Engineer: 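What follows is a structure written as structure tokens; I'll ask about it next.
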Amino acid sequence: SGLAALVVALVVVETRAWVVPTRPWSPKVVVGEWSGCVFWNTSDQDAALERLNEAFAWAGTDAAKQAAGCSLFCEFYDYMTDRCAAPRAVCAVSVANADYGYTLSSSIAHPAAYPAGTKLEAGTYVVVFGAASAIGTMVRRPFDERFTVEAGLPILNFGRGSGAPDLYLDDWRAIEPIVVNAAAVVFSVMAIRSSANSWCEYHNCTSAVRNRLWSQADAATRTIMEEESFNTSLAEQTLLLRLIEDSPLRQGSVPRRILLWHSACDPTRGCARSGDFPIWFHVPDRITRLRALAWDDWVDANYADAGDTRQYNQIPVDACDNFPGTDAAFMGECAQRDPAIDTVCQTSTFRNEVRSSRTQGCSFTCAHTTQYYYPIEQGHDNVYDRLLPVLQTAIANYTLN
């Protein structure tokens, strides 16, 4: 099959500098298994989305979740629109215990290390929480790929676009067995703007509503909205840290709870502009207040020394033609573009064109796409270099109860 060919192709080139240590002196505790991965390289976006939402639909006992028909991890549209520029897989993780069973998704760039049936053993993997930076929006080599392919370190990346702590608290009962049995839980800096304030409650606050409220607010109101959302984010992250430590489902050591500063801003100086990533950290004391929570480790992976990031983020829109596993109807799509076109489009322009067609992932007017906000590849390389030894230590020191 296409997926089998993809796995073979990726395994051939896979190199691992470090291997998760085995522990022959202690019994293994299996908390789940990988159930397979889906790539977006298909000529029928609607059918692909329907299949994936069915695969990741909520299967637990919670009536409200069943009524919704979907867990928090089944909104995948950006994976479809971005697939010809920054292809990603979405992989299922199946977990079962005496009370309920369900399937979650975890976004990764390379599923080769996670063939279906691969067991998840307590203390041998890492969980990632976070916003778009965590999943590597519009970069070709995000940090989770490097951890997987180069270091052989299993990553369950539960990052979502605009992800806030409330995202994980909402479905805590579902993700708890996986999260609390990891060797480490990495909190890639969250999206403050997605946390609740007096004007915008989380569940009713879509991006469109949030942007409209922001545009209508005066400067004084915006300052209050920012501070309220920041305080909400701090309170919710504090709760998540405590839930991880106190969980009765934990089979071993408390996972190392790591704050990852994945940002264009030097934390000693703060963000120079309100629009720097991550947004709303231009107020100097907010980084200090975030760091003051009960983290076990703080990893600074800023890329402030990169200067003007615009020159680093031009991604060719060519992945649909050269990525293994693409179905026959999809191949050659980017090759149909006029070779004289060499336009660099903003990511928003590129996505809008792809979405308007609904049948293809390649843009015929954009040869490259770029964005100036999310972390660049150098930022992801910084994460790999600075976070890897912390994760290696967490796994080496993990002990079962």
Side-chain angles (χ1 to χ4, degrees), residues 20 28-35 56 58-62 65 71-74 90-108 114 118-131 134-135 143-144 147-148 153-160 163-191 233 235-260 293-297 299 387 390-391 394-395 397-401:
V20 176
K28 298 177 180 178
V29 176
V30 176
V31 295
E33 71 176 30
W34 295 96
S35 303
F56 295 143
W58 180 265
T61 58
D62 186 296
K65 301 298 183 188
S71 78
L72 79 163
F73 293 108
C74 63
V90 180
C91 300
V93 178
S94 297
V95 183
N97 62 28
D99 298 323
Y100 55 92
Y102 53 83
T103 302
L104 299 175
S105 69
S106 178
S107 66
I108 60 171
Y114 311 134
T118 301
K119 305 301 182 186
L120 275 173
E121 297 170 3
T124 65
Y125 61 90
V126 173
V127 166
V128 175
F129 290 165
I135 57 176
F143 67 78
D144 60 351
F147 284 129
T148 301
L153 201 164
I155 300 290
L156 276 79
N157 190 338
F158 292 138
R160 307 313 278 168
D166 196 33
L167 177 71
Y168 307 103
L169 292 172
D170 280 353
D171 272 347
W172 175 250
R173 183 170 177 267
I175 64 176
E176 182 181 7
I178 289 289
V179 173
V180 303
N181 289 299
V185 181
V186 177
F187 288 65
S188 184
V189 62
M190 300 278 189
S233 180
E236 290 173 348
Q237 289 182 79
T238 298
L239 178 56
L240 279 170
L241 293 172
R242 187 167 71 247
L243 288 170
I244 292 170
E245 182 172 6
D246 295 344
S247 173
L249 302 183
R250 204 165 35 78
Q251 301 293 320
S253 306
V254 177
R256 299 294 293 182
R257 295 156 299 173
I258 302 167
L259 175 60
L260 172 63
L293 301 186
W295 309 106
D296 298 306
D297 298 286
V299 174
L387 182 58
V390 179
L391 298 182
I395 291 178
N397 292 340
Y398 183 89
T399 58
L400 292 168
N401 292 336

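Please read these numbers as outputs of a predicted model, since none were measured by experiment.
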Engineer: If every non-hydrogen atom of Pro165 is compared with every non-hydrogen atom of Glu236, which pair is closest and at what distance?
Structural biologist: CB-CB, 3.5 Å
Engineer: Ignoring hydrogens and angles, tell me if any N or O in the side chain of Arg256 forms a donor-acceptor pair with the backbone of Leu391 under 3.5 Å.
Structural biologist: no
Engineer: Atom CG of Asp144 and atom CG of Asn157: how far apart are they, to the nearest 0.5 Å?
Structural biologist: 4.5 Å
Engineer: Write down the atom of Ser247, the atom of Glu176, and the distance for their closest heavy-atom approach.
Structural biologist: OG-OE2, 2.5 Å
Engineer: Measure the spacing between CG of Asp297 and CG of Leu260 and express it to the nearest 0.5 Å.
Structural biologist: 11.5 Å
Engineer: Calculate, to the nearest 0.5 Å, the distance between atoms CD and CG belonging to Gln237 and Leu259 respectively.
Structural biologist: 7.5 Å
Engineer: Kindly indicate, with the supporting measurements, whether the criterion side-chain contact (heavy atoms from CB on, under 4.5 Å) is fulfilled by Phe147 and Val126.
Structural biologist: CA-CA 10 Å; Phe147 284 129; Val126 173; over 6 Å; no
Engineer: Are Val31 and Pro177 packed together at the side-chain level, in the sense that at least one heavy-atom pair is separated by less than 4.5 angstrom?
Structural biologist: no
Engineer: Can you find a pair of side-chain heavy atoms, one from Thr124 and one from Tyr398, that are under 4.5 Å apart?
Structural biologist: no
Engineer: Measuring only between side-chain heavy atoms, which start at C-beta, is Phe129 closer than 4.5 Å to Ile175?
Structural biologist: yes
Engineer: Grab the two heavy atoms, one from Gly123 and one from Ile395, that are nearest each other, plus how far apart they are.
Structural biologist: O-CG2, 3.7 Å
Engineer: Step by step, work out the side-chain contact (heavy atoms from CB on, under 4.5 Å) result for Leu167 and Arg160.
Structural biologist: CA-CA 9 Å; Leu167 177 71; Arg160 307 313 278 168; 3.4 Å; yes
Engineer: Got a second to check how far Thr238's OG1 is from Leu243's CG, nearest 0.5 Å?
Structural biologist: 11.0 Å
Engineer: Do you know which two heavy atoms are closest between Gly252 and Asn401, and how far apart they sit?
Structural biologist: CA-OD1, 3.3 Å
Engineer: Between CZ of Phe143 and CD1 of Ile135, what distance do you get to the nearest 0.5 Å?
Structural biologist: 10.0 Å
Engineer: Do Tyr125 and Ile178 touch side chain to side chain, with heavy atoms closer than 4.5 Å?
Structural biologist: yes
Engineer: Donor-acceptor pair, distance only, cut-off 3.5 Å: does the side chain of Ser253 make one with the backbone of Thr399?
Structural biologist: yes
Engineer: Would a 4.5 Å heavy-atom cut-off, applied to side chains only, mark Pro255 and Ile244 as touching?
Structural biologist: yes
Engineer: Distance check, rounded to the nearest 0.5 Å: Ile258 atom CD1 versus Phe187 atom CZ?
Structural biologist: 10.0 Å
Engineer: Do the non-hydrogen side-chain atoms of Val29 and Leu400 ever get within less than 4.5 Å of each other?
Structural biologist: yes
Engineer: Arg257 and side-chain contact (heavy atoms from CB on, under 4.5 Å): which single residue from Leu240, Asp296, Val186 fits?
Structural biologist: Asp296
